[in-house]
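Let me begin by presenting the structure, written as structure tokens, before commenting on it.
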Amino acid sequence: MSVHRRSDQLFRKSSRFFVGGVNSPVRAFKAVGGTPLFIRRGRGPFVWDADGRQYLDYLGSWGPLILGHSPESVGRAVRRAVRAGSSFGAPTEWEVGLAELVQDAFPGMERMRFVSSGTEACMSAIRLARGCTGRRIVVKFAGCYHGHSDGLLVAAGSGATTFGRPTSAGVLREIARWTVVLPYNDGAAVDRFFRKSGRDVAAVIVEPVAGNMGVVAPDLEFLGTLRRLTAGNGSVLIFDEVITGFRLCWGGAQHLYNIKPDLTCLGKIVGGGLPVGVFGGRRTLMDRLAPMGPVYQAGTLSGNPAAMAAGIAVLGKLRSLSPYRSLQEKTALLVGGIKDSAARAGVPVRVNSVGSMLTVFMTDRPVSDYETALRSDTRRYASFFNGLLGRGVYFPPAQFEAAFVSTTHRRHDIEKTIDIIDLVFKKIKRKG
Ligand SMILES: *Cc1c(COP(=O)(O)O)cnc(C)c1O
């Protein structure tokens with residue numbers, strides 16, 4: 001009998017309500033096989049499933065939980081906010097409180113707008129860029145993810161055409177063609193495109209450190225090229241820091257690499273585990289948004305008090321604790337351990353990491369863009385994932401995702417993880 005009896009039962013039941021039994025596709029474990037675990041609760045670095053089994057968690061709800069699961073301060077803040085009311089559809093002091101913290105970290109966000117997801121932040125930033133420039137083309141990079149709006153579910157067109165093609169049914173070719181997809185870390189390709197069509201580019205949107213093809217660090221030159229070309233052509237540079245904002249340092253990748261975008265999109269950590277996104281930038285640009293300008297954007301629950309309160313609690317802690325160095329040290333310990341284990345077992349891996357984000361790519365060659373990421377052996381990753389899960393370690397259930405270390409992971413949690421990874425690599429090697 002399965003050790004996940006209750007999860008299996010719940011999955012059968014949830015499949016009667018939800019498509020594939022889930023409310024977001026990657027939760028369905030399709031990339032690694034088996035049925036998803038139903039999680040009952042989390043505390044610090046641990047989660048417990050519906051059968052009461054404990055896991056050391058490196059998923060962190062896909063990025064938001066930099067302070068681990070259910071920190072006291074967040075629970076307290078949310079309870080206090082909800083006692084006052086759950087939503088007013090009117091401005092509140094909570095919004096101002098969170099905005100002050102966001103702007104302290106991202107001074108370039110002179111004006112900002114709260115939304116309820118990263119998808120909305122990116123979608124709205126692009127509409128604003130088009131509204132301001134009167135241009136149509138958006139440049140994105142293969143392997144970067146910016147949420148599920150129509151114009152961003154696009155892959156590179158085939159052959160010599162630069163027109164994008166939809167990656168989802170239901171996205172019109174007429175929409176996708178205005179998104180041009182170029183290879184990540186390839187400044188020369190961007191340069192070539194801008195020489196031809198730079199004056200038609202409304203925006204370039206990029207994950208300044210990629211997390212959604214697995215972790216891929218940017219070449220400094222690449223980000224610099226994007227800044228130079230967009231500035232020179234009157235295009236809007238959008239940094240999608242939905243993962244990296246508050247993950248890499250106070251001020252995100254734009255602070256770390258000292259390159260300032262025109263617009264910044266945030267999500268995940270900024271909501272402290274509740275649904276929040278935000279986009280912002282220069283005042284003159286942002287003031288083109290309704291009610292000041294002609295670009296429409298709105299939201300019934302935008303700036304929701306409970307969500308704002310959670311964000312304030314988490315950002316307040318991050319600012320006062322400044323945990324980034326210690327996070328990086330713990331991540332380095334984990335990365336070093338994984339590399340040593342893999343080498344001992346003779347399993348070829350590339351471990352990419354920036355700050356407290358990491359990905360174990362099942363390949364022996366460097367991963368610097370989507371094409372090289374795709375060389376990974378995804379079946380081997382599935383064995384790795386399932387080997388870990390069976391031994392109480394919860395990694396992302398797909399190869400092309402980031403794992404996260406939180407402030408609550410202690411050194412001995414990491415050492416224990418490395419011991420388990422050691423076992424799993426040996427087992428993978430024996431099976432071939
Ligand atoms: C998660 C993510 C998004 C989308 O955010 P949602 O809150 O899931 O809509 C956008 N961009 C990046 C870089 C992300 O990682």
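Computed over heavy atoms, backbone and side chain alike; hydrogens, waters and symmetry mates excluded. Throughout, numbering of the chain's residues begins at 1 and tracks the sequence.
Put simply, CD1 on I126 and CH2 on W178 are 15.0 Å apart, with the number rounded to the nearest 0.5 Å. Rounding to the nearest 0.5 angstrom, the gap separating the OG1 atom in T225 from the CD1 atom in I259 is 8.5 Å. Taken from CE in M123 to CG in L128, the straight-line distance is 12.5 Å, to the nearest 0.5 Å. To the nearest 0.5 angstrom, L318 atom CG is 11.0 Å from C249 atom SG. Interatomic distance, OG1 of T179 versus CZ of R177, reported as 11.5 Å (0.5 Å rounding). Of the inter-residue distances, the one linking Q399 atom CD with L374 atom CG reads 9.5 Å to the nearest 0.5 angstrom.
Ring centroids of Y184 and F222 are separated by less than 6.0 Å, placing the two rings close together.
Classification of the F385-Y381 ring pair by plane angle, with boundaries at 30° and 60°, yields parallel. Ring geometry for Y55 against H4 counts as tilted: the plane angle lies between 30° and 60°, on a 0 to 90° scale. Classified by interplanar angle (parallel below 30°, tilted 30° to 60°, perpendicular above 60°), the ring pair F400/F361 is tilted.
Within the structure, the salt bridge (Lys or Arg N to Asp or Glu O under 4.0 Å) test picks out the following pairs touching residues 219-248 (sequence neighbours left out): R227-D262.
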Inset, instruction - Step by step, work out the side-chain hydrogen bond (donor to acceptor under 3.5 Å, both in side chains) result for R12 and Q9. - result: CA-CA 5 Å; R12 276 196 299 277; Q9 259 171 14; over 6 Å; no

Inset, instruction - List the steps and the verdict of side-chain contact (heavy atoms from CB on, under 4.5 Å) for C265 and F279. - result: CA-CA 4 Å; C265 300; F279 65 103; 4.2 Å; yes

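Every side chain to side chain donor-acceptor pair (under 3.5 Å) that Q297 has, sequence neighbours left out, goes to R113.
Geometrically, R41 engages W48 in a cation-pi contact, judged by NZ or CZ lying under 6.0 Å from the ring centre and within 45° of the ring axis.
Within a 6.0 Å sphere centred on OH of Y58, heavy atoms belonging to other residues, nucleotides or ligands number more than 12.
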